[in-house]
Number of protein chains: 2
Amino acid sequence: MTIRLTDKRKQILQVLKRQHGTMSVKDIHNKLPKIDQVTIYRSLDLFVKNKLIKEVHLGKEGMLYEYQTEPHHHAICDDCRKVRHFTAPDEKIKKLLGLEDFEVEEIEVIVKGVCKK
Amino acid sequence: MTIRLTDKRKQILQVLKRQHGTMSVKDIHNKLPKIDQVTIYRSLDLFVKNKLIKEVHLGKEGMLYEYQTEPHHHAICDDCRKVRHFTAPDEKIKKLLGLEDFEVEEIEVIVKGVCKK
DNA sequence: TAGTATATGCAAATCATTTGCAATTGCGAT
DNA sequence: ATCGCAATTGCAAATGATTTGCATATACTA
Ligand SMILES: [Mn+2]
Ligand SMILES: [Mn+2]
Ligand SMILES: [Zn+2]
Ligand SMILES: [Zn+2]
């Protein structure tokens with residue numbers, strides 16, 4: 001019943017905090033090759049359940065994880081595949097959605113397009 | 001180079017059109033047990049590439065597909081898992097996002113919450 | 001109708017994620 | 001500080017979704 005603050009968990013969370021952006025399980029494993037992938041999977045699940053990190057689905061590839069300083073959304077460039085992180089006035093968007101009989105807890109906006117650069 | 005309008009492809013598209021909502025590959029295969037799952041996968045890929053249908057990621061489970069009469073978004077109830085489909089003023093939302101140096105082509109809003117009812 | 005490129009089925013491969021289990025370790029209670 | 005034990009970890013194997021290779025079947029074109 002008790003959740004332990006193990007060294008491995010600290011390392012995994014550190015890696016996610018340092019990286020500003022999303023990481024796959026493999027990304028994390030590359031930075032921490034000593035830690036088994038299974039342990040990474042289990043730790044990430046734990047962090048997600050305890051809302052320390054967020055899961056993000058951005059395409060077919062597989063789940064991505066990120067430590068979020070503040071809630072934000074994602075835009076993906078169809079050309080270069082780069083992911084842009086941006087904040088938005090969620091309350092205003094929520095009003096525009098006009099969802100009746102539904103208690104909105106979280107809004108996730110995913111934008112597809114291309115970098116103008 | 002030529003894309004054939006085969007009977008199997010027609011059947012698969014029909015099933016998606018009739019169903020109002022999302023379907024998994026297994027859902028489709030259950031309705032069309034005679035058609036091999038691989039054929040369903042390949043047909044769906046083709047339809048997506050040709051923008052006849054949309055792919056939707058709504059959770060860990062796996063990819064979902066839907067024939068969209070008109071563009072819309074999705075809300076998922078954390079309790080009953082039911083998916084609600086709703087339209088929104090995308091242009092207004094787009095303005096709220098304030099994405100600089102990015103050519104927005106498509107906005108996908110995924111809402112998490114619970115049914116009030 | 002014949003010829004050929006495209007589509008299909010079946011088996012096997014691949015990829016991400018999960019599960020079982022034995023060995024290890026963190027931490028609360030002595 | 002040491003003990004006892006539940007929580008954690010690693011390794012191997014299982015799962016589940018999706019993809020690939022290849023031989024056969026079929027749609028469309030000429
Ligand atoms: Mn982000
Ligand atoms: Mn829909
Ligand atoms: Zn780009
Ligand atoms: Zn519900």
Side-chain angles (χ1 to χ4, degrees), chain A residues 1-17 19 21-67 74 76 81 83 110, chain B residues 1-17 19 21-67 74 76 81 83 110:
Chain A
M1 272 290 137
T2 326
I3 291 169
R4 292 182 186 168
L5 229 68
T6 66
D7 186 50
K8 290 170 192 188
R9 286 178 181 167
K10 284 181 206 160
Q11 289 182 60
I12 295 167
L13 198 56
Q14 265 320 305
V15 164
L16 276 168
K17 277 187 184 174
Q19 173 91 22
T22 52
M23 299 183 88
S24 67
V25 168
K26 282 200 172 162
D27 291 338
I28 297 169
H29 190 246
N30 285 338
K31 298 242 178 197
L32 300 170
K34 303 281 187 48
I35 301 178
D36 196 283
Q37 287 214 10
V38 176
T39 300
I40 296 174
Y41 274 107
R42 290 194 271 228
S43 300
L44 292 172
D45 284 352
L46 183 79
F47 298 157
V48 169
K49 281 202 187 84
N50 291 79
K51 298 191 195 299
L52 293 175
I53 64 171
K54 284 264 305 164
E55 288 183 314
V56 196
H57 252 315
L58 295 180
K60 292 197 153 184
E61 302 82 31
M63 194 64 81
L64 298 177
Y65 299 86
E66 71 179 350
Y67 181 85
H74 301 97
I76 310 104
R81 294 274 104 201
V83 176
I110 297 170
Chain B
M1 273 291 138
T2 326
I3 291 169
R4 293 183 185 165
L5 227 68
T6 66
D7 186 49
K8 289 169 192 187
R9 287 178 180 167
K10 283 182 206 159
Q11 289 182 60
I12 294 167
L13 199 56
Q14 266 320 306
V15 164
L16 276 169
K17 278 187 184 174
Q19 173 90 23
T22 52
M23 299 183 89
S24 66
V25 168
K26 283 201 169 161
D27 291 337
I28 297 169
H29 190 245
N30 286 337
K31 299 243 177 195
L32 299 169
K34 303 279 187 48
I35 301 178
D36 195 283
Q37 287 214 11
V38 176
T39 300
I40 296 176
Y41 275 106
R42 290 195 270 229
S43 300
L44 292 172
D45 285 352
L46 182 79
F47 298 157
V48 170
K49 281 203 187 83
N50 291 80
K51 298 190 194 299
L52 293 175
I53 64 172
K54 283 264 304 167
E55 287 183 315
V56 198
H57 251 316
L58 296 181
K60 291 196 156 186
E61 302 83 32
M63 195 63 83
L64 298 176
Y65 298 86
E66 71 179 350
Y67 181 85
H74 301 96
I76 311 103
R81 294 274 103 199
V83 176
I110 298 170

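Reminder, nothing fancy here: chain letters follow the sequence lines and each chain counts from 1. What you are looking at is a predicted structure, and each value in this text was computed from that prediction instead of being measured.
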Mind listing the side-chain donor-acceptor pairs of residues 22-33 of chain A below 3.5 Å, one per line with the distance, residues two or more places apart or on another chain?
{"from": "A/S24", "atom 1": "OG", "to": "A/K26", "atom 2": "N", "distance (Å)": "3.4"}
{"from": "A/S24", "atom 1": "OG", "to": "A/D27", "atom 2": "N", "distance (Å)": "3.0"}
{"from": "A/S24", "atom 1": "OG", "to": "A/D27", "atom 2": "OD1", "distance (Å)": "3.4"}
{"from": "A/S24", "atom 1": "OG", "to": "A/D27", "atom 2": "OD2", "distance (Å)": "3.2"}
{"from": "A/D27", "atom 1": "OD2", "to": "A/S24", "atom 2": "N", "distance (Å)": "2.8"}
{"from": "A/H29", "atom 1": "NE2", "to": "A/I35", "atom 2": "O", "distance (Å)": "3.1"}
{"from": "A/N30", "atom 1": "ND2", "to": "A/K26", "atom 2": "O", "distance (Å)": "3.4"}

>> So if I take residues 24-41 of chain A and measure heavy-atom distances to DNA chain C, which residues fall below 4.0 Å?
In response: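 Hits under 4.0 Å, by residue number: A/K26, A/V38, A/Y41.
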> Heavy-atom contacts under 4.0 Å between residues 3-11 of chain B and DNA chain C, which residues?
Replying inline: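 Going residue by residue through residues 3-11 of chain B, the ones with a heavy atom under 4.0 Å of DNA chain C turn out to be B/I3, B/R4, B/T6, B/K8, B/R9.
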>> Counting neighbours of CZ on B/F47 that are heavy atoms of other residues, nucleotides or ligands and sit closer than 6.0 Å, is the number greater than 12?
In response: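 Atom CZ in B/F47 is packed in, count exceeds 12.
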> Which residues pass the side-chain hydrogen bond (donor to acceptor under 3.5 Å, both in side chains) test with A/D7, sequence neighbours left out?
Replying inline: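 Checked A/D7 against side-chain hydrogen bond (donor to acceptor under 3.5 Å, both in side chains); matches are A/Q11.
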>> Tell me every residue that passes side-chain hydrogen bond (donor to acceptor under 3.5 Å, both in side chains) with B/H57, counting only those two or more places apart in sequence or in another chain.
In response: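 Here no residue qualifies.
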>> Is any side-chain heavy atom of B/I3 closer than 4.5 Å to one of B/N50?
In response: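 B/N50 vs B/I3: side chains touch.
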> Which residues pass the salt bridge (Lys or Arg N to Asp or Glu O under 4.0 Å) test with A/K49, sequence neighbours left out?
Replying inline: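 If we apply the salt bridge (Lys or Arg N to Asp or Glu O under 4.0 Å) test to A/K49, skipping adjacent residues, there are no hits.
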>> According to side-chain contact (heavy atoms from CB on, under 4.5 Å), who are the partners of A/L5, at least two apart in sequence or on a separate chain?
In response: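 Here the qualifying residues are A/K10.
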>> Can you list everything that forms a side-chain contact (heavy atoms from CB on, under 4.5 Å) with A/R42? Sequence neighbours excluded, please.
In response: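 Once residues adjacent in sequence are excluded, the partners of A/R42 under the side-chain contact (heavy atoms from CB on, under 4.5 Å) criterion are A/V38.
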> Do any pairs count as a salt bridge (charged side-chain N to carboxylate O under 4.0 Å, His left out) and have a residue in residues 51-63 of chain A, sequence neighbours left out, and if so which ones?
Replying inline: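 Only A/K54-A/E106, A/E55-B/K60, A/K60-B/D45, A/K60-B/E55 qualify under salt bridge (charged side-chain N to carboxylate O under 4.0 Å, His left out).
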>> Tell me which residues in residues 49-58 of chain B lie within less than 4.0 Å of DNA chain D, going by non-hydrogen atoms.
In response: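 Those residues whose heavy atoms fall under 4.0 Å from DNA chain D, taken from residues 49-58 of chain B, amount to none.
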